Structure formats: structure tokens, C-alpha cells
Engineer: 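Next up is a structure, given as C-alpha cells.
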Amino acid sequence: MERLKAKIRSEGQVLSEQVLKVDAFLNHQIDPALMRDIGQEFARRFADAGITKIVTIEASGIAPAVMTGLELGVPVIFARKHQSLTLTDNLLVASVYSFTKQTESTIAVSTMHLSSDDRVLIIDDFLANGKAAKALISIIGQAGAQVAGLGIVIEKSFQVGRAELDAQGYRVESLARVASLADGQVTFAE
Ligand code: 5GP
């Protein structure tokens with residue numbers, strides 16, 4: 001997606017060979033028009049996939065997930081990272097190792113919102129080692145629902161997540177594929 005790549009080139013900051021900071025338009029300040037385009041692109045790619053629900057993780061997945069849900073006309077569920085007094089229903093839980101915080105945490109979704117009839121599209125901001133995706137796949141599996149595919153805004157193709165999801169047979173659609181962050185430069189895969 002050229003508009004996204006241009007934004008990454010102009011406003012992304014390479015923090016290390018592993019980490020790209022995109023707080024200017026995705027992870028802190030959000031560019032709504034870009035999010036709308038991202039939602040339209042995911043909706044176009046998954047238009048025939050029979051999606052009934054979108055699942056993401058708070059907080060940074062929510063903006064692209066909501067725009068995609070708006071386009072596809074389906075509800076969006078975000079897995080919660082923090083215990084909440086209002087999240088008292090039966091819970092589907094998984095543990096996830098955070099790439100950016102380097103800590104293990106638990107994420108949870110209420111059983112109320114996912115059922116075995118659902119075909120779920122997972123949306124997230126980044127794909128690195130695939131830990132967040134794996135945790136969401138586990139939660140969707142616990143509900144007896146199907147994973148129809150994964151929509152990733154920025155994939156770092158040099159980390160293992162993409163290859164592992166491909167090997168497991170999941171459909172992954174990434175809007176920007178980063179091949180390398182070496183020498184302070186973002187190099188795209190295609
Ligand atoms: P994974 O679970 O695939 O290892 O990492 C994905 C998660 O870690 C994403 O949800 C995202 O929040 C965070 N993440 C991974 N790599 C980056 C990165 O280079 N920059 C930022 N800002 N977040 C990242």
C-alpha cells in the first residue's frame with residue numbers, strides 16, 4: 001500500500017535494527033484518513049472471506065480494526081490486557097510475550113462475543129515474532145470459531161512471525177512489508 005509506505009518513509013523512526021517507531025500516525029497520534037484507507041484495503045482483500053467478526057489487541061490494533069469493521073459491516077472485539085472490574089463474564093484467556101515491553105502478560109476476551117459460528121479476521125498494527133497473533137489465534141480457537149485470516153498493517157518480514165504463520169497455513173495480508181531496518185533505513189520487501 002503506497003500511501004502507507006510513504007508515511008513510514010517520511011514519519012517512521014528506526015529505533016534499532018529490530019524496532020520501528022510509528023507514534024506519529026499509528027501508535028500514539030493517529031492519522032484518521034490513513035486509517036480509513038487501511039480499513040478499505042483490508043476490507044477489499046478479505047471481502048469474499050465470509051468474515052463475521054474482527055479481533056485485535058488493545059491499544060494500537062483498535063484504530064485499523066475499527067476502520068476495517070466499518071467497511072466490512074462487522075463488530076470489532078479487542079482483547080484486553082488489563083484486568084477490569086467490568087470484565088466479569090466467562091473469559092477466554094491467553095498469555096502473550098510483548099515484543100516492545102519484553103514482559104509476559106495475559107489477554108482476555110469475554111465468551112459473550114465469540115461463538116463457534118464466527119469466521120474471524122485478526123487485525124494488528126505490527127507482526128514481529130508472531131506472539132500476539134498466536135495468542136489471538138488461541139483465544140479464537142477456545143471459542144470454537146474459525147480464523148479466516150490475519151490483516152497486518154506493518155510486517156517486519158525479517159522476524160519469524162510471518163514464516164511461522166505461513167507454515168501453519170494461515171492467510172496473512174500485510175499492507176507494508178519491511179525487509180530490513182539496518183543502517184537506520186527502512187527497506188521494503190516489495
Ligand atoms: P509479535 O507479537 O508479532 O512479536 O509483535 C507484535 C506486537 O508487538 C504488535 O502488537 C506491536 O504492538 C508490537 N511491535 C512489534 N514490533 C514492533 C515495532 O517495530 N514497533 C512498534 N511500535 N511495535 C511493535
Side-chain angles (χ1 to χ4, degrees), residues 1 4-31 34-35 38-39 42 54-69 76-82 92-109 120-142 147 149-189:
M1 191 180 160
L4 173 62
K5 288 191 203 171
K7 194 80 168 171
I8 293 169
R9 278 193 203 95
S10 63
E11 296 186 29
Q13 288 175 264
V14 177
L15 291 192
S16 71
E17 293 201 351
Q18 308 287 316
V19 181
L20 176 65
K21 183 171 175 173
V22 289
D23 281 16
F25 59 92
L26 180 56
N27 291 147
H28 191 19
Q29 174 170 262
I30 291 174
D31 180 336
L34 179 62
M35 291 305 127
I38 285 169
F42 282 137
I54 291 173
V55 169
T56 188
I57 300 194
E58 67 175 349
S60 295
I62 294 176
V66 167
M67 297 315 280
T68 308
V76 177
I77 302 157
F78 59 94
R80 290 190 173 177
K81 287 179 179 164
H82 304 286
L92 308 163
V93 296
S95 111
V96 54
Y97 182 79
S98 164
F99 179 84
T100 42
K101 299 197 183 76
Q102 308 219 323
T103 54
E104 191 88 22
S105 64
T106 301
I107 58 168
V109 168
V120 180
L121 172 60
I122 294 171
I123 297 280
D124 207 4
D125 58 340
F126 274 91
L127 175 61
N129 293 318
K131 306 285 188 200
K134 205 170 142 196
L136 292 176
I137 288 169
S138 165
I139 281 178
I140 293 160
Q142 290 169 45
V147 176
L150 296 94
I152 302 296
V153 180
I154 304 172
E155 170 190 311
K156 289 179 293 171
S157 312
F158 56 90
Q159 291 167 320
V160 299
R162 174 63 190 246
E164 286 186 2
L165 291 167
D166 282 348
Q168 290 161 26
Y170 292 106
R171 177 177 174 196
V172 182
E173 295 283 347
S174 304
L175 302 187
R177 303 187 70 190
V178 175
S180 162
L181 294 174
D183 303 323
Q185 296 290 320
V186 182
T187 307
F188 291 103

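Values in this document were obtained by computation on a predicted structure and should not be read as measured data. Numbers here simply count residues along the sequence, with the first being 1. First listed ligand is number 1; within each ligand, the first listed atom is number 1.
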Engineer: Please determine whether any non-hydrogen atom of Leu20 lies less than 4.0 Å from an atom of ligand 1.
Structural biologist: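 Right, Leu20 reaches ligand 1.
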Engineer: Taking distance alone, with no angle check, do Gly130 and ligand 1 share an N/O pair under 3.5 Å?
Structural biologist: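 So ligand 1 has an N or O lying under 3.5 Å from an N or O of Gly130.
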Engineer: Within ligand 1, which atoms have a heavy atom of Lys131 less than 4.0 Å away?
Structural biologist: 1 (P), 2 (O), 3 (O), 4 (O)
Engineer: Is Phe99 in polar range of ligand 1, meaning some N or O pair under 3.5 Å apart?
Structural biologist: no
Engineer: I'd like to know whether ligand 1 has Gln18 as a neighbour, heavy-atom separation below 4.0 Å.
Structural biologist: yes
Engineer: Of the side chain and backbone of Ile57, name the one, both, or neither that has a heavy atom under 4.0 Å from an atom of ligand 1.
Structural biologist: neither
Engineer: Are any of the N/O atoms in Asp124 less than 3.5 Å from those in ligand 1?
Structural biologist: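 For ligand 1, there is an N or O atom that lies under 3.5 Å from one belonging to Asp124.
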Engineer: Heavy atoms only: which of Ala133, Gly12, Ser98, Ala132 lies closest to atom 2 (O) of ligand 1?
Structural biologist: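 Minimum heavy-atom distance to atom 2 (O) of ligand 1 goes to Ala132.
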Engineer: Output yes when the distance from some N or O of ligand 1 to some N or O of Asn27 is under 3.5 Å, and no in every other case.
Structural biologist: yes
Engineer: Rounded to the nearest 0.5 Å, what's the gap from CG on Leu26 to NZ on Lys7? Could you check?
Structural biologist: 11.0 Å
Engineer: Answer yes or no: is there a donor N or O on one side and an acceptor on the other, between the side chain of Thr56 and the main chain of Ile123, under 3.5 Å?
Structural biologist: yes
Engineer: Is it the case that over 12 heavy atoms from other parts of the model lie below 6.0 angstrom from the NZ atom of Lys5?
Structural biologist: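 More than 12 within 6.0 Å, yes.
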Engineer: Does ligand 1 have a heavy atom under 4.0 Å from the side chain of Thr100, from its backbone, from both, or from neither?
Structural biologist: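 The answer is the side chain of Thr100.
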Engineer: May I ask whether Lys134 places a heavy atom under 4.0 Å from ligand 1?
Structural biologist: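 It does not, in that no heavy atom of Lys134 comes within the 4.0 Å cut-off of ligand 1.
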